[in-house]
A.B. asks: 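Input: one structure, supplied below.
Lettering of chains follows the sequences in order, A, B, ..., and the numbering in each one begins at 1. The basis for the numbers below is simple: all heavy atoms, side chains too, and nothing from hydrogens, waters or symmetry mates.
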Amino acid sequence: MTDDHPDPDPDTAPEDASKLAEIVATRRAKVERLREAGVDPYPVRFRPTHSLAAVRAAHEGLAAGTETGEHVTVAGRLVGRRDLGRLTFLVLLEDGVELQLFCPVKALDEPARELLEQLDVGDWLGASGEVLATKTGELSVRPGQLTLLGKGLRPLPKWHGLADTEIRFRQRELDLTVNEDARRVFALRPRVVAALREEMTRRGFVEVETPILHPIPGGAAAKPFVTHHNALDEDLYLRIAPELYLKRLIAGGMPRVFELGRVFRNEGVSPRHNPEFTILESYAAYDDYHDVMELTEALLQRAAVDALGTLELSYQGREVSLAGPFRRVALLDLVREATGEPDLAYDHHLDDLRALCERHDVAHSDDWGAGKLVLELYEALVEHTLWEPTFVLDYPVEVSPLARRHRSEPHVTERFELIVTGREFANAFSELTDPDDQRQRLEQQAAARAAGDEEAMAVDEPYLRAMELGLPPTGGLGVGVDRLVMLLADVANIRDAVLFPTLRPER
RNA sequence: GCGCCGCUAGCUCAAUUGGCAGAGCAUCCGGCUCUUAACCGGCAGGUUCUAGGUUCGAGUCCUAGGCGGCGCACCA
């Protein structure tokens, strides 16, 4: 076309002289021109006969120059355009799959010729025509008709991709459009979630939904977000864990339950921490933590096989195998080994344990008991070194207020964490089922809370009342789903595993 | 919250010691019937994150702030 008036209406030209404003204004002018020509730039419905993937699948390897005689209607976002005079090549992208449109002008009907003039990379487009392979062998559709499905006003980043992390996180729609790697990760994530859900269901667990608004935050050691219900005039907390409600369901006679959902913790952000994250929690009547280890291992393996088709992973350039069986080792034994103190025990004098911390440059506090001191040694010296999957067993009672005391070891609980690549992926225990022991432990937590520990739990009377109804032996599990996605997708930053990570508002 | 680093055209990036803000691609205009990051020619496009300061002169130096990344702390 010949257009001697690139700026169609100087009176309405934007005062903002930036290139972006100019591009948007130009595209708005195209929208106007299309409307004047009777074309709806934002139509209500379209029916493709084939996805781009289906066209590709049906004609993979079609010989150069072949015309199939098959007529299809396809759709996608226009991501490429090459004009060669009376011949134009367009590239559509749909669900991660590209397909070329081979458009000699003489093959197009009159409306399509006019539309082609107003078409920009970024627009949504439908096309109907014959499937063929060009002389150079590129599988293509040669459309007779083109249908504008949604005009884009903003330019798409091209070629160099989109590298600016801030734009990738804030405008994920752009990231997904131009970065194949973003599409890879966010296609993998739902496969992981589906695998977890299917494996739980296959094992007889029932999926439930418990409140996100909690009157009393509990079930984990974390600071909650506070909100307020106007009609009730009550402060409520976004849940830090579904744990206590799920255990109340066990008390209510539901033998195997799980919840896959979001929890919220009002704490710092980091490449491994988003303020809201997805957790899988499950509770199984009659099971102990050995049973839960078996379940945990199976869940990770199922997720890896379903999402990747293998148990042999590469994470950040280093191999890690989920083949199992995962190593099982007591926390105390790990600390004994790391400190070179083979006789270390929880009943050692506190001064000796503090001295041990000093010797290993582990910060500690005078009000910590033996359990907390040993835990700190473990976290500072050992945890980050555990690359291959490792069940770390038997956490101190003092740091495990919801876990059952060990059946034979007095100072610890039947609790484990699963560590992979030096990070915690799961936390689980033989659940505490003795209501009087639980009350005592929560009262200790409440005392710590009163003394200023914002992460300590409060006494939750409705929960204790449920326990007093009677609980069977119960095995409980929590799995960090985002971390699992990070591991399987091989991304280092949790913001690359969460579609819309928490960021400060744009200013 | 603390420390370090970054922020320049729509995108990706340059800019020497403090000395005229540039390139490629995209946009816009022209050409081209087998391109693949098409190609060829041309025009245009800037609050150098923001506000101050130093200086004859600031993208560059100083102060404060914003946003992001990383580390620490906290945690899964």
Side-chain angles (χ1 to χ4, degrees), chain A residues 1-8 16-27 29-30 64-65 79-91 98-107 120-122 132-140 142 153-170 174 178-179 220-223 240-241 263-281 363 379 383 417-420 423-427 453-455 478-484 486 492-496 501 503-507:
Chain A
M1 109 180 163
T2 55
D3 184 353
D4 298 323
H5 307 284
D7 196 354
D16 185 343
S18 78
K19 191 67 196 179
L20 175 61
E22 182 192 314
I23 290 170
V24 171
T26 302
R27 293 198 176 194
K30 289 180 178 176
V79 294
R81 173 174 183 153
R82 294 179 289 275
D83 274 293
L84 285 75
R86 303 299 289 168
L87 172 64
T88 297
F89 296 92
L90 302 175
V91 180
E98 289 186 353
L99 187 69
Q100 175 172 277
L101 301 181
F102 175 80
C103 306
V105 171
K106 68 179 180 189
D120 292 299
V121 166
L132 54 81
T134 61
K135 285 180 191 169
T136 54
E138 181 75 23
L139 185 64
S140 308
R142 181 178 55 207
L153 299 181
R154 291 175 172 275
L156 238 44
K158 269 204 80 180
W159 290 2
H160 306 280
L162 185 63
D164 187 310
T165 51
E166 187 169 351
I167 298 177
R168 287 202 299 109
F169 298 156
R170 287 194 196 280
L174 272 187
V178 302
N179 285 331
K223 285 179 231 167
I240 56 175
V263 296
F264 308 84
R265 300 190 183 176
N266 203 342
E267 285 156 359
V269 298
S270 84
R272 290 160 293 283
H273 302 268
N274 199 54
E276 52 180 304
F277 64 98
T278 301
I279 196 167
L280 167 67
E281 281 204 13
E379 288 183 348
E383 189 179 67
E417 289 190 358
L418 173 64
I419 310 298
V420 189
R423 297 178 193 160
E424 180 184 343
F425 279 73
N427 182 19
D453 183 350
E454 287 182 85
E455 295 180 357
V479 177
V481 174
D482 310 87
R483 293 257 174 105
L484 183 54
M486 289 171 70
N493 190 330
I494 194 169
R495 300 174 194 93
D496 284 315
L503 298 176
R504 285 196 163 88
E506 294 180 65
R507 294 273 154 88

A.B. asks: Could you please name the partner base of B/C20, counting Watson-Crick and G-U wobble pairs only when both distances are under 3.5 Å?
C.D. replies: none
A.B. asks: Is there a Watson-Crick or G-U wobble partner for B/C61 with both distances under 3.5 Å, and which nucleotide is it?
C.D. replies: B/G53
A.B. asks: In the strands shown, is B/C2 matched to any nucleotide by a Watson-Crick or G-U wobble pair with both distances under 3.5 Å, and which?
C.D. replies: B/G71
A.B. asks: Do any side-chain nitrogens or oxygens of A/R504 fall under 4.0 Å of OP1 or OP2 in B/G68?
C.D. replies: yes
A.B. asks: What heavy-atom pair brings A/V420 and A/F425 nearest, and what distance separates the two atoms?
C.D. replies: O-CE1, 3.2 Å
A.B. asks: Regarding A/T165, tell me which of base, sugar-phosphate or nothing describes its non-hydrogen contacts under 4.0 Å with the strands shown.
C.D. replies: sugar-phosphate
A.B. asks: Considering only residues two or more places apart or on different chains, which pairs with a residue in residues 267-280 of chain A satisfy salt bridge (charged side-chain N to carboxylate O under 4.0 Å, His left out)?
C.D. replies: A/R262-A/E276
A.B. asks: For A/E424, answer base if it contacts any base atom (sugar-phosphate contacts may also be present), sugar-phosphate if it contacts only those atoms, and nothing otherwise; contact means non-hydrogen atoms under 4.0 Å.
C.D. replies: sugar-phosphate
A.B. asks: Categorize A/L20 for me: base, sugar-phosphate, or nothing, with a 4.0 angstrom heavy-atom threshold over every strand shown.
C.D. replies: sugar-phosphate
A.B. asks: Looking at every strand, decide which applies to A/I279 at a 4.0 Å heavy-atom threshold: base, sugar-phosphate, or nothing.
C.D. replies: nothing
A.B. asks: For a quick check, tell me whether the side chain of A/T26 and the base of B/U27 share a donor-acceptor pair closer than 3.5 Å.
C.D. replies: no
A.B. asks: Does A/F277 have any ring-ring contact (aromatic ring centres under 6.0 Å, His included) partners at least two apart in sequence or in another chain, and if so, which?
C.D. replies: none
A.B. asks: Under 4.0 Å from OP1 or OP2 of B/U35: is there any side-chain N or O of A/R82 that close?
C.D. replies: no
A.B. asks: If you measure from the ring centre of A/F277 to the centre of the six-membered ring in the base of B/A76, is it under 5.5 Å, with the planes under 30° apart?
C.D. replies: yes
A.B. asks: Between atom CG in A/D83 and atom C1' in B/C29, what is the gap in whole Å?
C.D. replies: 13 Å
A.B. asks: Has A/K223 got a side-chain N or O lying under 4.0 Å from the OP1 or OP2 atom of B/A73?
C.D. replies: no
A.B. asks: State the pairing partner of B/C32; accept Watson-Crick or G-U wobble contacts with both distances under 3.5 Å, and report none otherwise.
C.D. replies: none
A.B. asks: Spell out yes or no: do the side chain of A/Q100 and the base of B/U35 have one donor N/O and one acceptor N/O closer than 3.5 Å?
C.D. replies: yes
A.B. asks: Could you give the CD-to-P distance, from A/E506 to B/G68, as a whole number of Å?
C.D. replies: 9 Å
A.B. asks: For a quick check of understanding: with a heavy-atom distance under 4.0 Å over all strands, which category does A/R142 fall into, base, sugar-phosphate or nothing?
C.D. replies: nothing
A.B. asks: Taking only the P atom of each, what is the distance from B/G22 to B/G45 in whole angstrom?
C.D. replies: 12 Å
A.B. asks: So does A/R86 reach the base of B/U33 with its side chain, donor to acceptor, closer than 3.5 Å?
C.D. replies: no
A.B. asks: Using a 4.0 Å heavy-atom cut-off, does A/G480 contact any base of the nucleic acid, only the sugar-phosphate backbone, or nothing at all?
C.D. replies: nothing
A.B. asks: Does B/C70 have OP1 or OP2 sitting under 4.0 Å from an N or O in the side chain of A/N493?
C.D. replies: yes
A.B. asks: Distance check needed: B/U8 C1' versus A/K19 NZ, whole Å only.
C.D. replies: 17 Å
A.B. asks: Confirm from the modelled atom types if A/T88 and B/U35 form a donor-acceptor pair under 3.5 Å, side chain to base only.
C.D. replies: no
A.B. asks: Using OP1 and OP2 only, check whether a side-chain N or O of A/R495 sits under 4.0 Å from B/G69.
C.D. replies: yes
A.B. asks: In whole Å, I'd like the distance from the CD1 atom of A/I167 to the C1' atom of B/G6.
C.D. replies: 14 Å
A.B. asks: Please report the distance separating the C1' of B/G10 from the corresponding atom of B/A44, rounded so that it comes out in whole Å.
C.D. replies: 14 Å
A.B. asks: In whole angstrom, what separates A/D496's CG from B/G68's P?
C.D. replies: 15 Å
A.B. asks: Rounded to the nearest angstrom, tell me the gap between atom CG in A/D164 and atom P in B/G6.
C.D. replies: 15 Å
A.B. asks: Can you tell me how far C1' of B/U33 sits from NZ of A/K106, to the nearest Å?
C.D. replies: 8 Å
A.B. asks: Classify A/R423 by what it touches in the nucleic acid, base, sugar-phosphate, or nothing, heavy-atom distance under 4.0 Å.
C.D. replies: nothing
A.B. asks: Between A/D482 (side chain only) and A/I494 (backbone N and O only), is there a donor and an acceptor less than 3.5 Å apart?
C.D. replies: no
A.B. asks: Within a radius of less than 6.0 Å around CD of A/E379, do more than 12 heavy atoms belonging to other residues, nucleotides or ligands occur?
C.D. replies: yes
A.B. asks: Applying a 3.5 Å limit to both distances, which nucleotide forms a Watson-Crick or G-U wobble pair with B/C7?
C.D. replies: B/G66
A.B. asks: What contact category does A/F102 fall into here, base, sugar-phosphate, or nothing, at under 4.0 angstrom with non-hydrogen atoms?
C.D. replies: base
A.B. asks: Can any side-chain N or O of A/S140 pair as donor or acceptor with the backbone N or O of A/E138 at less than 3.5 Å?
C.D. replies: yes
A.B. asks: Round to a whole Å and report the spacing from CG of A/L156 to P of B/C25.
C.D. replies: 18 Å
A.B. asks: I'd like the C1' distance from B/G53 over to B/G46, given in whole Å.
C.D. replies: 23 Å
